[in-house]
Q: 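Let me give you the structure first, and then I'll get to my questions.
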Amino acid sequence: MTEILVVTSGKGGVGKTTTSASLATGLAQLGKKVAVIDFDVGLRNLDLIMGCERRVVYDFVNVIQGEATLKQALIRDKRMDNLYVLAASQTRDKDALTQEGVEKVLKGLEEEKFDYVVCDSPAGIEKGAHLAMYFADQAVVVVNPEVSSVRDSDRILGLLASKTRHAESGSGEVRQHLLLSRYNPVRVAAGEMLSVKDVEEILGISVVGVIPESEQVLAASNAGVPVILDNESLAGQAYQDTVARILGEERPLRFIDVQRKGLLKRMFGG
Amino acid sequence: MGILDFLRAKPKNSANVARERLRIIVAQERSTRGGPDYLPLLRSELLEVIRKYVHVEPDAVNVVLESDSGHDVLELSVALPETEHDNP
Ligand SMILES: Nc1ncnc2c1ncn2[C@@H]1O[C@H](COP(=O)(O)OP(=O)(O)OP(=O)(O)O)[C@@H](O)[C@H]1O
Ligand SMILES: [Mg+2]
């Protein structure tokens, strides 16, 4: 069985692509056969974050339109041979993605015995975002501790419960995971930022992980290495915890309180 | 709360303000979700009409669509202000 996992949010720029790259890589590190697909037609980004931009020959839309086979379009990761990327098309034709086309590609991946297909959704609630979530078995809703992001994620949670294949056919529910990203415990302690508890209470769902705001995320994207591979970084460790929880392991949340070290560092300028 | 307390009040904790605003808007949007697309507009037009007569806050009008044994029931509730004397 292939699990289809969408990473979505509603609001743009909250960390969907960063999350897709890290979750896909983390699942592959644990031995799963994984494909990660960029659904952001016209704004290809995932290839850069995964570090395979120079190896894109064919893309998602080429496969849908029969111009390339799935095998030709899947880019094997340089670091792990059980991880593949399917790049977004740079076409400006937003109608290039169709429901039948997406279904065909997902079926093809199932035949190739993939364990997980991670779908990196574009922002918004238009066609691309709809198609990215439509076939999902599980959803990771990325939210930032900020008013517009929280409101949009509630909207997305509503769509996941009504506008997906599972909801429409009555074949079960999309398993929903809320991932709180760009969290800054110092600002939360100062009363300047919504806390984990605030977000959980407002949305009525508990978080599957909390990714701290971290400079290493930018460094990782500069290098084209998903941040989960940076074992030293707090964001990377938080993504590793998140992958474990998605697979059913229980792990306590980390990095949600102000670090003592941070305080000493501030006092002594270390 | 007296005027002195009001003047002495510390600048509001902005995360608390965010939390309260979100509680209200999320509850409001959930109540019209899944219903016909005209519900949010219906709600704001109702609000406008009600405000001709009573001054109510924007979140005072609650519209809920419920299904009751085959019928769809549109339930409206309006929270009126505490005293009738401060009407516009
Ligand atoms: N935990 C984090 N700490 C610091 N910066 C982050 C973090 N997560 C994401 N970012 C930064 O935020 C920006 C947006 O991230 P990303 O591209 O993953 O968002 P997105 O949701 O995919 O955006 P879009 O909606 O445009 O597709 C990037 O510059 C990324 O480096
Ligand atoms: Mg993106």
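Order of the sequence lines sets the chain letters (A, B, ...), proteins ahead of strands, with each chain counted from 1.
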Q: Crowded around A:K127 NZ? As in, over 12 foreign heavy atoms under 6.0 Å?
A: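 More than 12 heavy atoms, drawn from other residues, nucleotides or ligands, come within 6.0 Å of this atom.
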Q: Salt bridge (Lys or Arg N to Asp or Glu O under 4.0 Å) between B:E29 and A:R155: does it pass, once the steps are laid out?
A: CA-CA 8 Å; B:E29 287 177 349; A:R155 187 98 192 268; over 6 Å; no
Q: How about CD on A:E232, more than 12 heavy atoms from neighbouring residues, nucleotides or ligands closer than 6.0 Å, or not?
A: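 Counting neighbours around CD of A:E232, 12 or fewer heavy atoms of other residues, nucleotides or ligands fall under 6.0 Å, so no.
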Q: Which heavy atom in A:G158 sits nearest to a heavy atom in B:R33, and how many Å separate them?
A: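 Nearest pair, atom of A:G158 first, then B:R33: CA-NH1, 3.5 Å.
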Q: What part of B:R19 is in contact with chain A, defined as an atom under 4.5 angstrom from a non-hydrogen atom: side chain, backbone, both or neither?
A: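 Both backbone and side chain.
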Q: For atom CD of A:E215, is the number of surrounding heavy atoms from other residues, nucleotides or ligands below 6.0 Å larger than 12?
A: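 At most 12 heavy atoms, drawn from other residues, nucleotides or ligands, come within 6.0 Å of this atom.
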Q: Using 0.5 Å steps for rounding, measure from the CD1 atom of A:I202 to the CD1 atom of B:I25.
A: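 Answer rounded to 0.5 Å: 12.0 Å.
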Q: Within a radius of less than 6.0 Å around NZ of A:K104, do more than 12 heavy atoms belonging to other residues, nucleotides or ligands occur?
A: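 Counting other residues, nucleotides and ligands, NZ of A:K104 exceeds 12 neighbours.
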Q: Between A:D198 and B:L22, does a side-chain contact (heavy atoms from CB on, under 4.5 Å) hold up when you go through it step by step?
A: CA-CA 10 Å; A:D198 290 339; B:L22 278 167; over 6 Å; no
Q: Does any part of the side chain of A:E192, heavy atoms only, come nearer than 4.5 Å to the side chain of B:N13, both counted from C-beta?
A: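 Side chain of B:N13 against side chain of A:E192, heavy atoms only: no contact under 4.5 Å found.
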Q: To check you understand the geometry: which heavy-atom pair defines the closest contact between A:L194 and B:A18, and what is its length?
A: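 Shortest heavy-atom separation between A:L194 and B:A18 comes out as CD2-CB, 3.9 Å.
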Q: Inspect the surroundings of CG in B:D37 and state if more than 12 heavy atoms from other residues, nucleotides or ligands are less than 6.0 Å away.
A: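 12 or below, so no.
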Q: Looking at A:M193 and B:A15, what are the two nearest heavy atoms and their distance?
A: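 Shortest heavy-atom separation between A:M193 and B:A15 comes out as O-CB, 3.5 Å.
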